[in-house]
Trainee: 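Structure incoming, see below.
Below, chain A is the first sequence line, B the second, and so on; all start at residue 1.
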Amino acid sequence: MEQFFQQTINGISLGSIYALIALGYTMVYGIIKLINFAHSDVYMLGAYFGYVCMTSFKLGFLPSLLISMVLCTLIGVMIEKIAYKPLRNATRIAVLITAIGVSLFLEYVTMAIAGANVRSYPPQTGILDQSFNIGSINITMQQIIIVSITIILMVLLQFIVKKTRIGKAMRAVSLDSDAAELMGINVNTTISFTFAIGSALAGAAGIMVGIYYNSINPLMGMLPGLKAFVAAVFGGIGIIPGAMIGGYFIGIVEVLVSGYSNSMYRDGVVFAILILVLIIKPAGLLGKNTREKV
Amino acid sequence: MSILSVNKLTKSFGGLMAVSNVSMEINKGELVGLIGPNGAGKTTVFNLLTGIYEPSSGTITLDPNGVNRDIQGLKPHTICKIGLARTFQNIRLFKDLSVIDNVRIAMHKNVKYGLVSSFFHLPSYSKEEALLTKKSIELLKILKLDHKKDELAKNLPYGEQRHLEIARALATNPTLLLLDEPAAGMNPAETSQLTELIGWIRKEFDLTILLIEHDMSLVMKICERIYVLDYGMVIAEGTPEEIKNNKRVIEAYLGEDMNNAGD
Amino acid sequence: MKKLVRSNLAIKLVSLILTFAIIQLLIYFDIINDYLQATLATICINIILAVSLNLITGFTGQFSLGHAGFMSIGAYACALITLRIPTIPGFILGVFAGAVAAALIGGLVGLPTLRLRGDYLAIATLGMSEIIRIVFLNLDNITNGAAGLQDIPQFANWKWLFIYTAGTVLIISNYIRSSHGRACISIREDEIAAEAMGINSTKYKVIAFTIGAFFAGIAGALYATTFNFIDPKIFGFSKSIDVLVIVVLGGLGSISGSIIAAVLLGVVTTYLQSFANIQMILYSVLLIIIMIFRPQGLMGSKEVSLSIFSKLGNSFKSKKGRV
């Protein structure tokens, strides 16, 4: 039982990371129906920005987090403007291939600059290094910080989406971008803003993974990105609370599977669950099935 | 002898009753109209008949050749094979394919050669494909589309796209043909041409036809019997003359001038 | 009509023989050296993969991101057989068994997942292919796990590769010009209309998926017996993406497009090898630029055919006429 709680706590930490990445996937998909493959590389860049802040500039965790989020925001918006905007009226598969191109570009440019080898984050000191026990369950400060920052960011996101003008515009564009445009909403600005928010969250996830797992490399985004996307689909793509639930669910399942059986099977279980969910409820946990009008 | 009998057909979407308790009988060789104000559930009835939607309750029995078959809940392609074909109100051609391919696809159910023959283009392939092409061109000739057989469907003018919809439905060799607003968007001259065409193909192909139409002149002119749908229910049934003078129908259509329409 | 069919066949045969003869000569005179022969093999395998994925995604309109999974089944089946029967009959049996195994799994996976549409299907096929990879990774005593299978006998020389590639292209292009193939295409165009016209869409989706998987299995088998070594990593998600890139670059629904893209990509990658450190950067930039300026791919959905030459000829004539 204690092992179960320990694993669940580890799973919640990992799930926070997935949830943050999944939010970016789900928002972008909701608004332009694109599986933004480059998103996982924005997360990777977030980890590298944090690394540079902490090693070259000897900044603390919080300033590094903020800088990393800001830089990722800029990169996310740039990607959208340069690579996706010219393809606004092209087929979705063409945009998808472009996204794959951007993803490869970011990975290999990082590789050319920082090298292909794994780098380790500087050891954390002070509060980030502490941990405490409840019974035999060990909880680290890092885990607490990861979960709290994730929750703060999610609350902030909910506030933006539900209460602000731009949030309203985002929801309108994702429902019907043509109608939104006719109602005077600037669709391009709204799309850029969506990329900005998603990328900021991915940047936060990147640096938190850095301090949590210590090692980063230019291809580190691929698998977590894939799983975060699975999380988004699991919860119902385009639905923000769905991505959060999906992220935490995938994180917990993954940690439990590797804790209780062969860790080699954990990704297999994640994908098997995905396929089952899709077959039973194709629109995801919180999604609504839509009917094509005949 | 009835070729289609619909018994207490009901369909609800969530809480909304799109079609409720609709019963209809259509006899072999008849040309029947299905009319009603916008949103009355006419196209939903077509979608139920052709298997695109599954009915919430009720039965649909099709009797193309003396064998009764309940078709509710069957897949659209099975229903098509039993002998029911349709056109779509909002034209759903295979847009990026040629005119002749649109027709050939609809003839697919008659194709006997197998996959192996299609991989290696064996003699059975060549023989049947030649026959298929010949039949398609004949059909296109009837609808005056043969000179455009190699054009892409999306490049046809609107009226010809409607004709191609009919050609494609005929290619499935149906006994009962459902036409969903065949005259929508046509001018009076085109409509009267279409009226003639419908009458002619009905004789030529020995068809039973059920059609949805808003153009009352067309409906009153060619339909032998009419069902009127309102709020998903049949509110009247009878000959054009009876329908024109039916009080409930006039109420349902209040604002639309029924009496002038057919003259 | 009949004449046309026959002349078409003749043109195909002649162009096949010409292609074979030219490349054979180039190999003979060592212009295509051992190093380039590896490129040649990659191109052939990529053609098989791209043309078969094009049947699923380009012609039938079912977005699949799982082609590498089918490829891996063919590769492992063939490798395991040829390792035990290291003879030519063993190789032929291995390729065949790999293809059939992949087709079987393709059909089995297709049945439940092909109800999904668009991106959902893509994600489900991706998940399926990852599961296949993880299974191979964990079947230690059969597949040797992450270390992979080494010393697979090298049977697939250029002649075999050519036969299989030409066979794949011929069979799939024949198929899409048959009534069954048109049934597949009609699903891409409008699934509801296709069903209403008597096309059993589930059946034809599964058929397309099964045929596609069959040839992906062949490609995998040829990969194993060309490069002597396979491990689960080779057949990851990025391999499926690579194939999809070729299909989209060539043009969805164009077989000649897939072939041209596979050849171009093979040549470009070989050329870029001399810039090893920035090779992938150049490749990705190229990809983005092509998609921005030609999102429908090189060929769109058209095929290279004689009519293009005659059109060129006509425009040439008409220009001449004006002068």
Trainee: Can you pull out the residues in residues 271-285 of chain A with any heavy atom less than 4.5 Å from chain C?
Mentor: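 So far as heavy atoms go, A:Phe271, A:Ala272, A:Leu274, A:Ile275, A:Leu278, A:Ile279, A:Pro282, A:Ala283 are the residues that approach chain C to under 4.5 Å.
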Trainee: So, for C:Asp119 and A:Lys33, which heavy atoms are closest and what is the spacing to 0.1 Å?
Mentor: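 Residues C:Asp119 and A:Lys33, closest heavy atoms: OD2-O, 4.3 Å.
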Trainee: Heavy-atom distance under 4.5 Å to chain A: side chain of C:Phe293, backbone, both or neither?
Mentor: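 Answer is neither: C:Phe293 stays 4.5 Å or more from chain A.
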Trainee: Flag yes if more than 12 heavy atoms outside C:Tyr271 fall under 6.0 Å of its OH atom; otherwise flag no.
Mentor: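 Incorrect, the count does not exceed 12.
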Trainee: Which atoms of C:Leu137 are under 4.5 Å from chain A, going by heavy atoms: the side chain, the backbone, both sets, or neither?
Mentor: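 The answer is both parts of C:Leu137.
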Trainee: How long is the straight-line distance from OG of C:Ser284 back to CD1 of A:Ile100, given to the nearest 0.5 Å?
Mentor: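 Result: 12.0 Å between the selected atoms.
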Trainee: Contact part of C:Val248 toward chain A, heavy-atom cut-off under 4.5 Å: side chain, backbone, both or neither?
Mentor: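 The side chain, not the backbone.
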Trainee: Rounded to the nearest 0.5 Å, how far does CG of A:Leu104 lie from CE of C:Met280?
Mentor: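 These two atoms lie 4.5 Å from each other.
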Trainee: Counting only heavy atoms not in A:Lys81, do more than 12 sit closer than 6.0 Å to its NZ atom?
Mentor: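 Correct, the count exceeds 12.
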Trainee: Using non-hydrogen atoms only, which part of A:Tyr84 is less than 4.5 Å away from chain C: side chain, backbone, both, or neither?
Mentor: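 Nothing of A:Tyr84, per the 4.5 Å heavy-atom cut-off to chain C.
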Trainee: At a 4.5 Å cut-off on heavy atoms, which part of C:Thr57 comes close to chain A: side chain, backbone, both, or neither?
Mentor: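 Just the side chain, heavy atoms under 4.5 Å.
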Trainee: Which bit of A:Met222 comes within less than 4.5 Å of chain C, counting heavy atoms only: side chain, backbone, both or neither?
Mentor: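 Only the side chain of A:Met222 comes within 4.5 Å of chain C.
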Trainee: Shortest non-hydrogen contact from C:Pro295 to A:Leu87?
Mentor: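 Taking every non-hydrogen atom into account, CB-CD2, 3.9 Å.
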Trainee: Below 4.5 Å from any heavy atom of chain C, which atoms of A:Leu106 appear? Answer side chain, backbone, both or neither.
Mentor: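 Interface part for A:Leu106: neither.
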Trainee: Between C:Leu287, C:Asn138, C:Ile134, C:Ile131, which has the largest tally of heavy atom pairs under 4.5 Å with chain A?
Mentor: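 Among the listed options, the one with the most contacts to chain A is C:Asn138.
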Trainee: Between C:Leu244 and A:Leu96, does the side chain to side chain contact (heavy atoms under 4.5 Å, CB included) criterion hold? Intermediate values first, please.
Mentor: CA-CA 10 Å; C:Leu244 183 70; A:Leu96 187 85; 4.1 Å; yes
Trainee: Using non-hydrogen atoms and a 4.5 Å limit, figure out which bit of A:Val109 sits close to chain C: side chain, backbone, both or neither.
Mentor: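 Contact with chain C involves both backbone and side-chain atoms of A:Val109.
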Trainee: Please identify, among A:Asp267, A:Val233, A:Leu226, the residue contributing the most non-hydrogen atom pairs under 4.5 Å to chain C.
Mentor: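 Of the options given, most contacts go to A:Leu226.
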Trainee: I would like to know whether A:Val230 and C:Leu126 meet side chain to side chain contact (heavy atoms under 4.5 Å, CB included); could you show each step before the answer?
Mentor: CA-CA 10 Å; A:Val230 167; C:Leu126 188 162; over 6 Å; no
Trainee: Which residue out of A:Gly101, A:Ala83, A:Ala116 racks up the most heavy-atom pairs below 4.5 Å with chain C?
Mentor: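 Most pairs with chain C among the choices: A:Gly101.
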Trainee: Tell me, for C:Leu282 versus chain A, whether the close heavy atoms (under 4.5 Å) come from the side chain, the backbone, both or neither.
Mentor: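 No part of it gets close to chain A.
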Trainee: Under 4.5 Å from any heavy atom of chain A, what part of C:Ile281 do you find: side chain, backbone, both or neither?
Mentor: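 Both parts, backbone and side chain.
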Trainee: Within this structure, what is the CG-OG1 distance for the pair C:Leu252 and A:Thr91, rounded to the nearest 0.5 Å?
Mentor: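 These two atoms lie 7.0 Å from each other.
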Trainee: Should the heavy atoms of other residues, nucleotides or ligands under 6.0 Å from CZ of A:Phe105 be counted, would the total exceed 12?
Mentor: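 For A:Phe105, atom CZ is not crowded (no more than 12 foreign heavy atoms under 6.0 Å).
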Trainee: Taking the side chain as C-beta and beyond, is there a heavy-atom pair between A:Phe37 and C:Ile241 under 4.5 Å?
Mentor: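 A side-chain contact exists here, since the closest heavy-atom pair is under 4.5 Å.
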Trainee: Considering only heavy atoms, which portion of C:Ile290 lies under 4.5 Å from any heavy atom of chain A: side chain, backbone, both, or neither?
Mentor: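 No part of C:Ile290 comes within 4.5 Å of chain A.
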